[in-house]
Amino acid sequence: MEKRENNIKSRREFFRKAGRITLAVPLLSIPALLAKKAYSEVYVWQIDPYKCTACGLCKTSCVLTPSAVKCTNAYEMCGYCDFCPGFLRQGARAYDTGAENQLCPVGAIKRKFVEEPYFEYTIDEELCDACGKCVQACSDFGNGSLHLQIMHGLCVNCNQCRIARVCPSDAIKRVPADVPYMSKDLNKSITRKGAAQTKKTES
Amino acid sequence: MLHKQKRLKVKYLNSKGKMIKKYSRYLPYFLIAVMLIWHSVLYAQQMRYPRPEFETQYTYPEYQYNYQRAPYWEYLDVAVLIAALSITSWLVIKKRSRQGIMWVSVFSLAYFGFYRQGCICAVGSIQNVSLALFNSDYSIPLSALLFFLIPLIFALFSGRVFCAGVCPLGAIQELTGFKKVKVNPKLEAVLGAIPYVYLGLAVLYSAVGSQFIICRYDPFVGIFRLGGPYTIIIFGALLLITGIYINRPYCRYLCPYGVLQGFFSRFSWKHLTITPAECRNCRLCEPSCPYGVILPSDNLKNTEVTEIGRKMKLIYGALILMMGLSLAYFFYNTAPLLARMDKRVSLAREIRLEKEKGIKAVSEAAQAFNESARTEEELFEEEVAVINRFRAGAPWVGLFLGLSLGIRFYRRIIRHPRTEYEPDRGRCVSCGKCFEYCPVKIKTE
């Protein structure tokens, strides 16, 4: 009979050790399984403007109040119309820029004269609450240049975006953080490198 | 006269026939032109007005786009996680300092909770992992994978130190648990089964690619973000108010990650001990634990330890297996019911009701569907595919639930005699409240 040093003090300790090994195996196999798929790139949520129906759920469903979604204008698509369907309400009594004639409930669309007969429309993001009324009107009666985008300065990048869960047209998807915007403006590819400055060039 | 007319008619017909013949070769060109023009009409449905040609020196305004923080910040989070876990392990096992653990809790609540706004968290990362394991088209963010793995690896080394002070959800409850009311052990056992169900369902819903229910019903994320849907904030507030008396209610009765932590902590290499040296069976620590996880020693009380024979063990084993199989069968049959919570399935049901019974589909999703170009057949096909995925996954959830709950029940029946007071490794969150109750002190250099 050989004399064996008994390291294992009790049965319980043995089971503990055995369990530790059996649990470590699947735990370490998970990264092995996912190694190919894991990416170090960060993905963020964004609205595909061509799928978006501007239903207004972005306003109410975002975890932030006001929503991280804002309206933007694709300037190179915009018609610079004098009578902008996104700016003026349908059937407005008078043809002027009074608050009662504006479509935007919070007055976030700013109108500026450029030259005869063109007007520039910009969005005040501080005011915009992503109700989507102007977006709907612009795509129904105008050029469709107004569209909703998730603003990444505000978005907290939830694991499961609450708007994406309720979005009726599945327009919200994950995009690489380097190209975080899906602008309707075809001439502009907006990447992190060309990070936008908020400076506006005067006419 | 008649003859003349006939000739004229023939002549006329002839000329008409020639006309058709003459122009018929242009027909394909004409059709193509119509097609192209009509295509441009479709395209121009949005570009109704031409782009203005400015005469003044007008330039387009710059976009006001702004960006997420740079990706390397994610790795700072992982580094902070590892550091916090290491410090907590040291505090729990070596230093035995309840106060230190509290300070780590304060830091975690501030950093992972209020600064990182409760995202990313290890609890939610279960879903990213299960979605990535069962869906080939989803690639998991590396930080989510690390947030899932690292706390479990630490649990294998030093118990549930993640729960003790690093998890922001645990920390907010730890810091607001002032009183301690002990819960009846039987009630505790029943309520303690809920996390298993929650874990099973969370894995199922994320594995079929439906939704992330843990994130959806995360009670404290609204508090961390200082805003959100009021229902969730009220739920979080109720949990905190309950938590003043019944400490850590979310961790004990809901948290799905706690179940995994428990599995790994049960087999941990080192673990928190109530006494720093040898237990004197003085019973002073008995009332210290607010979670009732201190397992009493059998040295003093001559509690009858029920011996279970080999035959009974076999019977129990068979019962547990049967429970697993029957729950698997039950879940297989309830899969279509579970699938109703899926967005695609509920839309398909709504559309079908409208089609068959004339109940108008009014939801936003139905309106968007009617506006879209998708056909009903496509939708119904997708519905069947989703239900099939649920059917494939649900029995495994049932089996898991049956086996784990059966083993839980079995563990309540059998009892190994103990010579010391020791924490139940699966349920102890290593909060360190029992440290100061132990009169045994060791000299510290």
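Chain letters run A, B, ... following the sequence lines, proteins first and then strands; every chain starts at 1.
Looking at B:L133, both its backbone and its side chain come within 4.5 Å of chain A, counting heavy atoms on both sides. In this structure, chain A has a heavy atom under 4.5 Å from the side chain of B:R216, while its backbone stays farther away. Looking at A:V63, the atoms closer than 4.5 Å to chain B (heavy atoms on both sides) sit in the backbone and in the side chain alike. Within the 4.5 angstrom heavy-atom criterion, no atom of B:D342 approaches chain A.
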- Message: Set out, in order, the CA-CA distance, both residues' side-chain angles and the distance that settles side-chain contact (heavy atoms from CB on, under 4.5 Å) for B:R425 and A:R16, then state yes or no.
- Response: CA-CA 11 Å; B:R425 288 193 171 198; A:R16 199 159 276 161; 3.1 Å; yes
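Ring planes of A:Y118 and B:F54: perpendicular class, angle over 60° (limits at 30 and 60°).
Rounded to the nearest 0.5 angstrom, A:L23 CG and B:L156 CG are separated by 6.5 Å. In this structure, B:Q127 CD and A:Q160 CD are separated by 8.0 Å, a value rounded to the nearest 0.5 Å. Atoms CD1 and SG, from B:I120 and A:C158 in turn, are 11.5 Å apart once rounded to the nearest 0.5 Å. Annotation: the span from B:I153 atom CD1 to A:L28 atom CG amounts to 6.0 Å, rounded to 0.5 Å. Taking CD of B:Q57 as the reference point, atom CD of A:E115 lies at 10.0 Å (rounded to 0.5 Å).
Within the 4.5 Å cutoff, side-chain heavy atoms of A:I30 are placed close to those of B:L145. With a 4.5 Å cut-off on side-chain heavy atoms, B:Q367 and A:S169 do not count as touching. In this structure, A:Y75 and B:P61 have side chains that are in contact, with non-hydrogen atoms separated by less than 4.5 Å. Side chains of A:L27 and B:F264 form a contact here, defined as non-hydrogen atoms less than 4.5 Å apart. Looking only at side-chain heavy atoms (C-beta outward), B:C119 and A:N157 stay at 4.5 Å or farther from each other. Within the 4.5 Å cutoff, the side chain of B:E55 has no heavy atoms near those of the A:E116 side chain.
Taking a 6.0 Å sphere around CZ of B:R344, one finds it holds more than 12 heavy atoms contributed by other residues, nucleotides or ligands. For B:F157, the CZ atom sits in a loose shell: 12 or fewer heavy atoms of surrounding residues, nucleotides or ligands are nearer than 6.0 Å.
Between the side chains of B:Y60 and A:E120, not a single donor N or O lies within less than 3.5 Å of an accepting N or O.
Chain B forms more heavy-atom pairs under 4.5 Å with one residue of A:A18, A:G79, A:P117, A:S61 than with any other, namely A:G79.
With sequence neighbours left out, B:N370 forms a side chain to side chain donor-acceptor pair (under 3.5 Å) with no residue at all.
Formation of a donor-acceptor pair under 3.5 Å by the A:R20 side chain with backbone atoms of B:S268 is found in this model. Between the side chain of B:K343 and the backbone N or O of A:C167 there is at least one donor-acceptor pair closer than 3.5 Å.
Nearest heavy atoms, A:C78 versus B:P52: O-CD, 3.6 Å.
Ring-centre distance between A:F141 and B:Y49: not below the 6.0 Å cut-off.
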